[in-house]
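In this chain, residues are counted from 1 in sequence order. Because the structure is a prediction, the values reported are computed rather than measured.
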Amino acid sequence: MLESETRNPQGKSGEESICFLPPLNSVHSHTVPVTSLQLSGKAKHEYEAACGALKDKKYDAAEAHLRKAVQQEPKYATAWVTLGQILAARQHNDEARDACSQAVTANATYVPSYLCLADIAARDQKWDEMLKFSQHALDLDPTENVVAYDYHAGANLNLHKLVEAERSALRALDIDKNHTDPRVHFLLAQIYEAKKDAANEAAQLREYLKYASDPQDVQMVRQYLLELDKKASK
């Protein structure tokens, strides 16, 4: 979770460097916070230092730099989201929620703020909140927001709204044509398991294996597929 990928260094369309943690590192918000265009050099410097620390796996230093960045610029939504993600990854969920809420306060139209809150809600198993925040993100960007559809599908699955869960997960797959997030296939497999559709469950798990990179996950899914195949052959 504490792996980061910096993108848009000194940015495209005036956007600052961004080093969100997964899965938000794949999010491309069409809304550049207005305040990002007005940030002080000191705040930008602290954020860039945080990105460098994250890349070097120096998480205490990254957190310290981010706190300095938002102290310099309290409306620095990107820094608040990144800080919230680090705190959540370190299981400080209450502080993380506060940080991501500060991002919403700074800019109510910044999609990553709501995805950050959806992720924390998922960690706390607060499915209604997860659904609310992911829906808000989709209201802002319904066309290219794979991560929001992922969270939306996961929330609906846990709320036993299987039709809605399947619809959102399939929409995520439709958008993610390069298979950047194979977990969508795993999520769909869980949805089909809940629907007692073993054939589609197995098909989605096989799709997941084509793109998954974590050896432990791959081994687990392969073992589970063997068990499914045994049940199907009886």
Problem - Value rounded to 0.5 Å, distance of CG in D150 from CG in L115 - result: 10.0 Å

Handout entry: Closest contact, heavy atoms only, A88 versus R123
Key = O-NH1, 3.4 Å

Problem - Lys/Arg-Asp/Glu bridge criterion (N-O < 4.0 Å) met for D128, K132 - result: no

Handout entry: Test item: E46 and Q71 side chains (from C-beta on) under 4.5 Å apart, heavy atoms
Key = no

Practice task
Could you tell me whether the side chain of L87 reaches within less than 4.5 Å of the side chain of L83, counting heavy atoms only?
Solution key: yes

Fill in the blank from the handout: Rounded to the nearest 0.5 Å, the CD atom of Q204 sits from the OH atom of Y192 at a distance of 6.0 Å

Handout entry: Side chain proximity check, L21 to T82, heavy atoms < 4.5 angstrom
Key = no

Exercise for the section: Please check if any side-chain donor atom of D141 sits under 3.5 Å from a side-chain acceptor atom of T143, or the reverse. Expected result: yes

Practice task
Using the salt bridge (charged side-chain N to carboxylate O under 4.0 Å, His left out) rule, collect all pairs that involve residues 93-102, keeping only residues at least two apart or in two chains.
Solution key: R67-E95, D94-R97, R97-D124

Problem - Which residues share a side-chain contact (heavy atoms from CB on, under 4.5 Å) with S40, sequence neighbours left out - result: K42, A43, Q72, E73

Exercise for the section: Would you kindly confirm whether V104 and Y76 end up in one hydrophobic cluster when ILVMFWY residues are joined by side chain heavy atoms under 4.5 Å apart? Expected result: yes

Handout entry: Test: R183 and D214 ion pair at under 4.0 Å
Key = no

Problem - Heavy-atom closest contact (G84 atom, A96 atom, distance) - result: O-CB, 3.3 Å

Exercise for the section: Could you grab the distance from atom CD of E207 to atom CG of N200, nearest 0.5 Å is fine? Expected result: 11.0 Å

Practice task
Compare every heavy atom of P142 with every heavy atom of R171, then report the nearest pair and how far apart it is.
Solution key: NH2-O, 4.0 Å

Problem - Any donor-acceptor pair under 3.5 Å from N158 side chain to W127 backbone - result: no

Please report, to 0.1 Å, the donor-acceptor pairs under 3.5 Å made by any side chain of residues 133-140, with sequence neighbours excluded.
unit_1: S134; atom_1: OG; unit_2: M130; atom_2: O; d: 2.8
unit_1: S134; atom_1: OG; unit_2: L131; atom_2: O; d: 3.0
unit_1: Q135; atom_1: OE1; unit_2: H152; atom_2: NE2; d: 2.8
unit_1: Q135; atom_1: NE2; unit_2: D139; atom_2: OD1; d: 2.9

Problem - Same apolar cluster (I L V M F W Y, side chains within < 4.5 Å links), L157/I120 - result: no

Practice task
Name all pairs fulfilling the disulfide (SG to SG under 2.5 Å) condition that reach into residues 63-161, sequence neighbours left out, sorted by first residue then second.
Solution key: C100-C116

Exercise for the section: Could you tell me whether a side-chain N or O of Y114 sits under 3.5 Å from a main-chain N or O of A108, the two making a donor and an acceptor? Expected result: yes

Practice task
Indicate, with yes or no, if L187 and Y208 share a hydrophobic cluster defined by side-chain heavy-atom contacts under 4.5 Å among Ile, Leu, Val, Met, Phe, Trp and Tyr.
Solution key: no

Handout entry: Steps toward side chain to side chain contact (heavy atoms under 4.5 Å, CB included) verdict (V111, N145)
Key = CA-CA 9 Å; V111 170; N145 202 333; 3.2 Å; yes

Less than 3.5 Å apart, which donor and acceptor atoms pair up between the side chains of residues 221-229 and the rest of the protein, not counting sequence neighbours?
unit_1: Y224; atom_1: OH; unit_2: E193; atom_2: OE2; d: 3.2
unit_1: Y224; atom_1: OH; unit_2: E201; atom_2: OE2; d: 2.9
unit_1: D229; atom_1: OD1; unit_2: R206; atom_2: NH2; d: 3.0
unit_1: D229; atom_1: OD2; unit_2: R206; atom_2: NH2; d: 3.3

Problem - Non-hydrogen atoms of A62 and I86 that approach each other most closely - result: CB-CD1, 4.0 Å

Fill in the blank from the handout: Hits for side-chain contact (heavy atoms from CB on, under 4.5 Å) against A103, two or more places apart or cross-chain, chain-then-number order -> A77, W80, V81, S113

Handout entry: Distance in Å, I191 CD1 paired with L170 CG, rounded so as to fall on 0.5 Å steps
Key = 7.5 Å

Problem - Sidechain-backbone polar pair: Y47 side chain, C19 backbone, donor-acceptor under 3.5 Å - result: yes

Problem - L162 vs N156 side-chain heavy atoms within contact, under 4.5 Å - result: no

Problem - Test side chain to side chain contact (heavy atoms under 4.5 Å, CB included) applied to K210 and H179, step by step - result: CA-CA 10 Å; K210 290 179 183 179; H179 306 283; over 6 Å; no

Handout entry: L173 reachable from V27 in the ILVMFWY side-chain graph, under 4.5 Å edges
Key = no

Handout entry: Over 12 foreign heavy atoms within 6.0 Å of NE2, H45
Key = no

Exercise for the section: Verify the distance criterion only: is there a donor paired with an acceptor across the side chains of T78 and Y110 at less than 3.5 Å? Expected result: yes

Completion exercise
Looking only at heavy atoms, the pair that brings V184 and A172 closest together is CG1-CB, 4.0 Å

Handout entry: Validation row: L24, I18 side chains within 4.5 angstrom (heavy atoms)
Key = no

Problem - Approximate separation, where rounding is to 0.5 Å, of L66 CG and C51 SG - result: 7.5 Å

